[in-house]
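Here's the structure we're looking at; comments come further down.
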Amino acid sequence: RLRELEDGGIVARRRLPPPAASTVYELTDLGQGLAPVLAALAQWGARSLGPPSPDAELEPGWLPRAVRTVMAETAPPGIFELRVGDEVASIVDGDVRSSGVDQPSVVVRCGPIGMYHLLIDGAIGPDVEVEGDRVALEQLVTAAHGPGAT
């Protein structure tokens with residue numbers, strides 16, 4: 001499959017220098033063009049599955065991946081921090097990070113179900129704690145989901 005993706009110009013193979021000396025595959029510009037399509041499929045899948053159950057065990061790193069999928073491409077300028085327990089994702093001018101940041105405009109704290117509704121439905125529910133610039137958060141959500149979100 002990788003060979004087919006490489007032949008199709010979707011990925012490019014690259015050899016890492018020693019000591020790793022491993023072959024890695026990276027998306028080409030053409031492959032990166034699939035990001036919006038894959039994000040739409042991921043959101044469709046998440047909507048189909050529904051929110052996580054209260055006792056769901058989520059994989060470490062799930063929050064930054066979810067935020068990158070849903071919000072990175074459309075995020076307005078600004079510094080946002082989202083927290084679910086020990087999971088942290090920050091957006092700095094569209095760049096998603098897996099850590100907290102200095103002086104975010106807004107910090108969002110909630111549980112996995114609240115974050116699901118924020119990311120998938122564009123809903124800032126009553127269980128979502130917002131510290132800082134709520135208008136900035138509303139702009140982030142509206143950019144990801146369109147008018148009528150929040």
Side-chain angles (χ1 to χ4, degrees), residues 1-2 4-6 8 10-12 14 16 20 22-28 30-150:
R1 289 184 187 162
L2 281 173
E4 291 172 5
L5 291 171
E6 189 177 12
I10 306 297
V11 298
R14 182 169 62 95
L16 295 177
S22 299
T23 300
V24 295
Y25 290 85
E26 300 170 322
L27 289 172
T28 62
L30 181 63
Q32 288 177 3
L34 289 170
V37 174
L38 296 175
L41 282 171
Q43 289 179 53
W44 175 84
R47 238 181 240 104
S48 298
L49 292 172
S53 66
D55 60 342
E57 291 185 31
L58 301 171
E59 238 179 83
W62 70 269
L63 183 58
R65 288 191 303 271
V67 169
R68 186 173 293 108
T69 298
V70 175
M71 297 181 157
E73 293 291 320
T74 59
I79 303 172
F80 309 89
E81 188 172 286
L82 297 98
R83 295 182 166 272
V84 176
D86 293 339
E87 285 287 320
V88 180
S90 299
I91 308 170
V92 178
D93 296 329
D95 178 43
V96 176
R97 301 174 185 184
S98 301
S99 63
V101 290
D102 291 331
Q103 301 179 343
S105 305
V106 63
V107 177
V108 176
R109 289 183 181 86
C110 59
I113 295 171
M115 188 59 67
Y116 169 89
H117 289 296
L118 179 74
L119 292 174
I120 301 305
D121 302 329
I124 304 171
D127 57 336
V128 176
E129 178 186 321
V130 180
E131 178 185 313
D133 189 351
R134 186 177 180 94
V135 172
L137 175 61
E138 290 170 356
Q139 290 171 341
L140 176 66
V141 171
T142 299
H145 296 285
T150 69

Is there a side chain to side chain contact (heavy atoms under 4.5 Å, CB included) between Glu138 and Ile124 once you walk through the steps? CA-CA 8 Å; Glu138 290 170 356; Ile124 304 171; 4.0 Å; yes

Check the pair Ile10 / Leu30 against side chain to side chain contact (heavy atoms under 4.5 Å, CB included), numbers first and verdict last. CA-CA 6 Å; Ile10 306 297; Leu30 181 63; 4.0 Å; yes

If you apply the rule side chain to side chain contact (heavy atoms under 4.5 Å, CB included), what do you find for His145 with Ile120, and how did you get there? CA-CA 8 Å; His145 296 285; Ile120 301 305; 5.6 Å; no

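Between Gln103 and Ile79, the shortest heavy-atom contact is O-CD1, 4.1 Å. When all heavy atoms of Gly61 and Arg65 are compared, the pair lying nearest together is O-NH1, 3.2 Å. Residues Pro104 and Val101 come closest through the heavy atom pair CD-O, 3.5 Å. Scanning both residues, Tyr116 and Ala46, for their nearest heavy atoms gives OH-O, 3.1 Å. Residues Leu119 and Ala66 come closest through the heavy atom pair CD1-CB, 3.7 Å. Of all heavy-atom pairs between Thr69 and Gln43, the closest is O-NE2, 4.0 Å.
The neighbour count for Glu26 CD, taken as heavy atoms of other residues, nucleotides or ligands under 6.0 Å away, is above 12. Environment of CG in Asp95: crowded, with over 12 heavy atoms of neighbouring residues, nucleotides or ligands closer than 6.0 Å.
Residue Leu58 holds its CG atom at 12.0 Å from CG of Asp86, rounded to the nearest 0.5 Å. Remark: Arg97 CZ to Ile91 CD1 distance equals 11.0 Å, nearest 0.5 Å. Rounded to the nearest 0.5 Å, atoms CG (Leu118) and CG (Leu137) are 6.0 Å apart. The CG atom of Leu140 lies 7.0 Å from the CG atom of Leu82; values are rounded to the nearest 0.5 Å. With rounding to the nearest 0.5 Å, the separation of OG1 in Thr28 from CG in Leu34 is 8.5 Å. Between atom CZ of residue Phe80 and atom CG of residue Asp93 there is a gap of 8.5 Å, rounded to the nearest 0.5 Å.
Although no hydrogens or angles enter the test, the distance criterion places a donor-acceptor pair under 3.5 Å between the side chain of Ser90 and the main chain of Ser99. Put simply, the side chain of Glu81 never gets that close to the backbone of Val106: no donor and acceptor are under 3.5 Å apart. At distances below 3.5 Å, not a single donor-acceptor pair connects side-chain atoms of Tyr25 with backbone N or O atoms of Glu6.
Looking at heavy atoms from C-beta onward, Pro64 lies in side-chain contact with Glu87 at the 4.5 angstrom threshold.
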